[in-house]
Amino acid sequence: MISALPTRHLRSLPRTLAPLHRECWDSYLSRLATANHISHLLLHEQLDNADWIPSGNLSLLDCISALSGQPRERLLRALPDLQPSEDALKPASLILVQAGWTPQEACTRCTKAKGVVMPVRHWVPVGTKLCLKHGRWTADRSKQFDIGSLPDVLQAQRRYHRLVLRHGWKAVVLAIREASGFGWRWWENYADEHPWRHRLAVCCGPQWNGYENDPRIVACTYPETVALAELLASPQLRGLPFTGEEADMQRFVTEIRIRAAPGYVHDDSDRRHPLVRWMQQEVHRRSFPNPMSAPF
C-alpha cells in the first residue's frame, strides 16, 4: 500500500534493488515499487507531489537515491536517463534519443541470469532487434522469441551495426525504414524458393499461418531488409537510378536481385510496386535544395 511510504521524508524503502546496466529510470522505479508491494503508478504520482517531497526541490536522481538507498554515483552509472543534461530545457531521455539510443524491452534470459524475473526496459542503440548473446528477438514488445537457429538473422544484426559505423545512425534508420516499407507484397512475390520462407518454416513450423506484421515475418526477412538498407544507405549506390545512365540503372537492379529479390524485374509502369513508388518519392526528395531536410 502507498501508506507504507514515509510521509514528507524520503527515507529508504524497506527493500532495495540494484539497478541494471543502461536500465530506464522508470523501469527501475517500477521494479523498486513491486519489490516493496507499492503501486508503481502511485509511487510516480508521489514523486510529482510537492507536498510530499521535502523543501529544496530535490532532483529526480536525489529522490530515487533516497528511496532506493542506492548511492547517486551508482545510479548515474547504471541509469543513463538520469544523467544531468547540458540543456536544462531538454530531459536526458530526449538527449539520448537524439544521440541514437532508444528504450526497449531487455532480453528476458539476460535479466533472468541476473535474478530479475519481471520485465525490464533498457536503453539500446536505435535499430537493435535482438539479443546476440541468447539469439532472442527482442524488438517486439509483446513477445520475445528464439532465433538462435537462424544464424543469418544474427549476422544481419552485426551487419546493421557495422552499417551504422559506416554511414551514421540517422541515414541507416531511414534506409531500414524504407527497406521495411517494401513490405509483405514485396516478399510474397518471391514464393517458395526465397530464403525467408525457409527461415519462417524453421522458426514457426511448416503449418504456420500468420499476418503481415507478425514479428516473426519481420525477423525472418531481416537479412534481406538489412541487405537492402546497405544499398539505400550508400549515397553512391542510392543515386544509381537517377543518373540518367542505363548502365547505372541496370547495376541498381542487379544489386536488388543479389541482395533481396533474385527474380525482380523492373517495370517503370508498375506504379503499385513498392520499389517504383520509392523511386518516385526519391525523385521528389531530391528536388529539394537540401535533400536531407526534405520531409520523409
Side-chain angles (χ1 to χ4, degrees), residues 102 104-113 119 124-164 172-233 237 252-267 270 272-278:
T102 188
Q104 188 180 101
E105 295 292 319
C107 169
T108 54
R109 292 189 178 178
C110 288
T111 55
K112 187 176 181 179
V124 297
V126 170
T128 299
K129 301 293 186 182
L130 52 94
C131 171
L132 289 169
K133 180 177 181 180
H134 293 107
R136 195 160 178 81
W137 189 265
T138 57
D140 183 68
R141 184 168 184 174
S142 62
K143 180 181 179 182
Q144 297 184 8
F145 50 91
D146 293 330
I147 52 168
S149 57
L150 304 174
D152 44 353
V153 177
L154 301 177
Q155 182 60 26
Q157 181 71 92
R158 297 185 180 96
R159 289 171 63 186
Y160 172 88
H161 291 310
R162 289 197 296 268
L163 194 60
V164 169
V172 176
V173 165
L174 171 62
I176 286 286
R177 185 164 69 239
E178 292 173 326
S180 301
F182 293 157
W184 174 261
R185 292 181 182 176
W186 171 273
W187 304 119
E188 75 174 347
N189 284 338
Y190 305 98
D192 296 336
E193 78 280 0
H194 203 281
W196 79 269
R197 297 276 186 178
H198 171 71
R199 296 185 206 113
L200 200 58
V202 171
C203 183
C204 308
Q207 303 303 318
W208 172 86
N209 184 20
Y211 51 92
E212 179 175 353
N213 294 321
D214 189 320
R216 292 171 295 182
I217 290 182
V218 177
C220 291
T221 57
Y222 188 56
E224 286 73 29
T225 299
V226 172
L228 283 174
E230 288 174 329
L231 175 64
L232 300 177
L237 296 177
F252 186 79
V253 171
T254 299
E255 291 284 350
I256 292 290
R257 291 172 179 163
I258 292 172
R259 294 169 183 271
Y264 175 65
V265 176
H266 184 67
D267 180 2
D270 185 4
R272 296 178 301 174
H273 195 283
L275 190 57
V276 175
R277 290 202 307 270
W278 173 81

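Along the sequence shown, the residues carry numbers beginning at 1.
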From [X] [atom1] over to [Y] [atom2], what is the distance, rounded to the nearest 0.5 angstrom?
X: His198; Y: Leu150; atom1: NE2; atom2: CG; value: 8.0 Å
X: Ile147; Y: Arg216; atom1: CD1; atom2: CZ; value: 13.0 Å
X: His266; Y: Leu275; atom1: NE2; atom2: CG; value: 6.5 Å
X: Lys133; Y: Cys110; atom1: NZ; atom2: SG; value: 5.5 Å

What's the shortest heavy-atom distance between [X] and [Y], and which atoms?
X: Arg259; Y: Leu237; result: NH2-CD1, 3.8 Å
X: Thr221; Y: Arg199; result: CA-NH1, 4.4 Å
X: Cys203; Y: Asp146; result: SG-O, 4.5 Å
X: Ala156; Y: Pro223; result: CB-CA, 3.7 Å
X: Arg257; Y: Val265; result: NH2-CA, 4.3 Å
X: Val126; Y: Tyr160; result: O-OH, 2.8 Å

Exam field: side chain [X] to backbone [Y], donor-acceptor pair closer than 3.5 Å:
X: Gln144; Y: Ala106; answer: yes
X: Gln157; Y: Leu130; answer: yes
X: Glu178; Y: Leu232; answer: no
X: Ser180; Y: Arg177; answer: no

Legend entry - Candidate pair Arg158 and Leu132, rule side chain to side chain contact (heavy atoms under 4.5 Å, CB included), full reasoning: CA-CA 9 Å; Arg158 297 185 180 96; Leu132 289 169; 4.1 Å; yes
Inset, instruction - For side chain to side chain contact (heavy atoms under 4.5 Å, CB included), just list the numbers for Thr108 and Arg136, CA-CA rounded to whole Å, side-chain angles, deciding distance to a tenth of an Å, and then say yes or no. - result: CA-CA 9 Å; Thr108 54; Arg136 195 160 178 81; 3.3 Å; yes
Inset, instruction - Could you please spell out the steps behind the side chain to side chain contact (heavy atoms under 4.5 Å, CB included) verdict for Thr225 and Ile176? - result: CA-CA 7 Å; Thr225 299; Ile176 286 286; 4.2 Å; yes
Inset, instruction - Can you label the angle between the Trp137 ring and the Phe145 ring as parallel, tilted or perpendicular, going by 30° and 60°? - result: parallel
Legend entry - Contact check, side chains of Arg162 and Arg159, non-hydrogen atoms, under 4.5 Å: yes
